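What follows is a single structure, written as structure tokens, with notes after it.
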Amino acid sequence: MKILEGKTALVTGASKGIGRAIALKYAEEGANVAFTYLSSVEKGQALEEELKAFGVQAKGYRSDASDYTAAEELVASVISDFGGLNVLVNNAGITKDNLIMRMTEEMWDDVINVNLKSCFNTVKAVARTFMKQKVGSIINITSVVGVKGNAGQANYAASKAGIIGLTKSVALELGSRNVRCNAVAPGFIETEMTEVLDPKTVQSWRDAIPMKRGGQPDEVANCCVFLASDMSSYISGQVIHVDGALLT
Ligand code: NAP
């Protein structure tokens with residue numbers, strides 16, 4: 001039996017990068033997968049077919065993670081389309097970097113809304129169902145930057161630190177109903193986003209990592225498979241780093 005057989009997961013922001021890798025690993029491990037995208041419509045539609053090839057139920061939804069009402073509608077649609085839901089992965093995220101002196105109010109609000117408020121939106125939308133069924137695993141993708149801070153990313157670091165506070169609080173509030181909530185903190189993961197960067201800059205990042213390489217989206221996805229599965233049934237309120245010992 002596959003490790004996620006019988007589970008239905010919702011992964012936000014799965015059209016590319018880490019979210020896409022999580023959705024694919026989940027399907028490979030037997031979960032039915034609902035996922036969202038926003039601007040990458042073609043990639044989102046293509047992913048739905050790739051997931052179905054694993055023989056599981058899969059459906060993509062175009063939904064803005066920062067929109068509270070949209071999250072309520074999304075979760076209701078997923079539960080109706082799939083007949084239930086027991087895993088939520090909050091992965092959708094953006095960056096709008098600048099030094100604090102040059103950061104605009106809009107850059108601050110956009111990053112907080114897409115990265116942090118989005119987690120509140122979906123957690124709120126699934127909470128009643130997860131509590132009632134006395135089972136659920138919530139996985140929030142934070143970042144090492146949320147633990148350590150990063151010059152030029154005050155908005156992003158604040159959003160990711162906020163996710164850690166939210167994660168620990170939800171774990172405390174919902175633990176008695178067997179609902180778990182954990183955060184995954186990736187370090188430097190090589191995605192499409194990093195492919196377009198100056199190779200010298202990317203190499204200097206790799207050199208600073210004790211394991212001397214960037215991580216792959218699949219390596220974050222494997223951790224998310226574990227946290228979604230019953231193998232992690234007594235793990236809640238934790239922040240698991242997937243960073244090649246960067247923050248050790
Ligand atoms: P990515 O390749 O840029 O993918 C981001 C995903 O989020 C896309 O699927 C995008 O969908 C979606 N998204 C963005 N805004 C959205 C919105 N308002 N509503 C719904 N979906 C939205 O980024 P990534 O590198 O895979 O990062 C994924 C997560 O890991 C993020 O939370 C990020 O902060 C975190 N993380 C990444 C790294 C890294 O090194 N890559 C390190 C630490 C943490 P559309 O394109 O369809 O809009």
Side-chain angles (χ1 to χ4, degrees), residues 10-25 33-48 50-51 60-71 73-75 78 88-97 109-122 125 139-150 153 155-164 166-167 183-197 201-202 205-206 208-209 213-221 223-224 239-244 246-247:
L10 168 60
V11 183
T12 68
S15 52
K16 51 193 178 185
I18 294 170
R20 175 182 154 80
I22 296 169
L24 285 165
K25 281 271 176 200
V33 182
F35 67 92
T36 69
Y37 53 90
L38 187 60
S39 53
S40 311
V41 178
E42 275 178 26
K43 285 184 178 171
Q45 286 166 349
L47 178 64
E48 189 173 307
E50 284 181 64
L51 295 172
Y61 301 78
R62 192 172 187 196
S63 182
D64 183 350
S66 66
D67 183 329
Y68 182 83
T69 311
E73 288 166 3
L74 167 71
V75 168
V78 171
L88 167 67
V89 184
N90 283 311
N91 166 79
I94 57 167
T95 52
K96 291 201 175 178
D97 299 350
D109 287 346
D110 286 352
V111 169
I112 296 294
N113 287 336
V114 175
N115 295 6
L116 177 58
K117 187 182 173 217
S118 60
C119 295
F120 167 71
N121 295 343
T122 45
I139 301 158
N140 297 321
I141 307 299
T142 175
S143 166
V144 290
V145 166
V147 178
K148 190 178 182 290
N150 199 21
Q153 288 196 309
N155 52 358
Y156 183 77
S159 73
K160 294 297 183 181
I163 286 177
I164 294 173
L166 172 79
T167 299
V184 172
F188 170 50
I189 306 300
E190 302 198 9
T191 61
E192 282 168 45
M193 212 168 69
T194 54
E195 268 170 28
V196 296
L197 299 172
T201 309
V202 171
W205 288 347
R206 290 190 190 115
I209 298 166
R213 65 173 180 87
Q216 295 301 311
D218 272 358
E219 295 179 303
V220 180
C223 182
C224 295
V239 182
I240 302 187
H241 287 233
V242 182
D243 68 357
L246 181 64
L247 280 203

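Counting starts at 1 for both ligands and their atoms, in listed order. In this text the structure is predicted, and so the values were computed from the model without any measurement.
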Donor-acceptor pairs under 3.5 Å, side chain of residues 186-195 to any protein atom, not counting sequence neighbours: which ones?
from   : atom 1 : to     : atom 2 : distance (Å)
Glu190 : OE1    : Arg206 : NH2    : 3.2
Glu190 : OE2    : Arg206 : NE     : 2.7
Glu190 : OE2    : Arg206 : NH2    : 3.3
Thr191 : OG1    : Met193 : N      : 3.3
Glu192 : OE1    : Lys43  : NZ     : 3.1
Thr194 : OG1    : Thr191 : N      : 2.9
Thr194 : OG1    : Thr191 : O      : 2.8

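- Under the side chain to side chain donor-acceptor pair (under 3.5 Å) test applied with Asn140, the options Asn115, Asn91, Thr122, Asn90 reduce to a single match, Asn90.
- Taking a heavy-atom cut-off of under 4.0 Å, ligand 1 is surrounded by Gly13, Ala14, Ser15, Lys16, Gly17, Ile18, Tyr37, Leu38, Ser39, Ser40, Ser63, Asp64, Ala65, Asn91, Ala92, Gly93, Ile94, Val114, Ile141, Thr142, Ser143, Tyr156, Lys160, Pro186, Gly187, Phe188, Ile189, Thr191, Met193.
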Give the table of side-chain donor-acceptor pairs shorter than 3.5 Å for residues 61-68, with sequence neighbours excluded, one pair per line with atom names and distance.
from  : atom 1 : to    : atom 2 : distance (Å)
Tyr61 : OH     : Asp81 : OD2    : 2.8
Arg62 : NE     : Leu38 : O      : 2.7
Arg62 : NH2    : Leu38 : O      : 3.1
Asp64 : OD1    : Ser66 : N      : 3.0
Asp64 : OD1    : Ser66 : OG     : 2.9
Asp64 : OD2    : Ser66 : OG     : 3.3
Asp67 : OD1    : Thr69 : N      : 3.1
Asp67 : OD1    : Ala70 : N      : 3.0

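- For Thr12 (side chain) and Ala92 (main-chain N/O), a donor-acceptor pair under 3.5 Å exists by modelled atom type.
- Remark: Lys96 engages Asp110 in a salt bridge (charged side-chain N to carboxylate O under 4.0 Å, His left out) (not counting sequence neighbours).
- Counting only distance, with no hydrogens or angles, the side chain of Lys148 and the backbone of Ser143 share no donor-acceptor pair below 3.5 Å.
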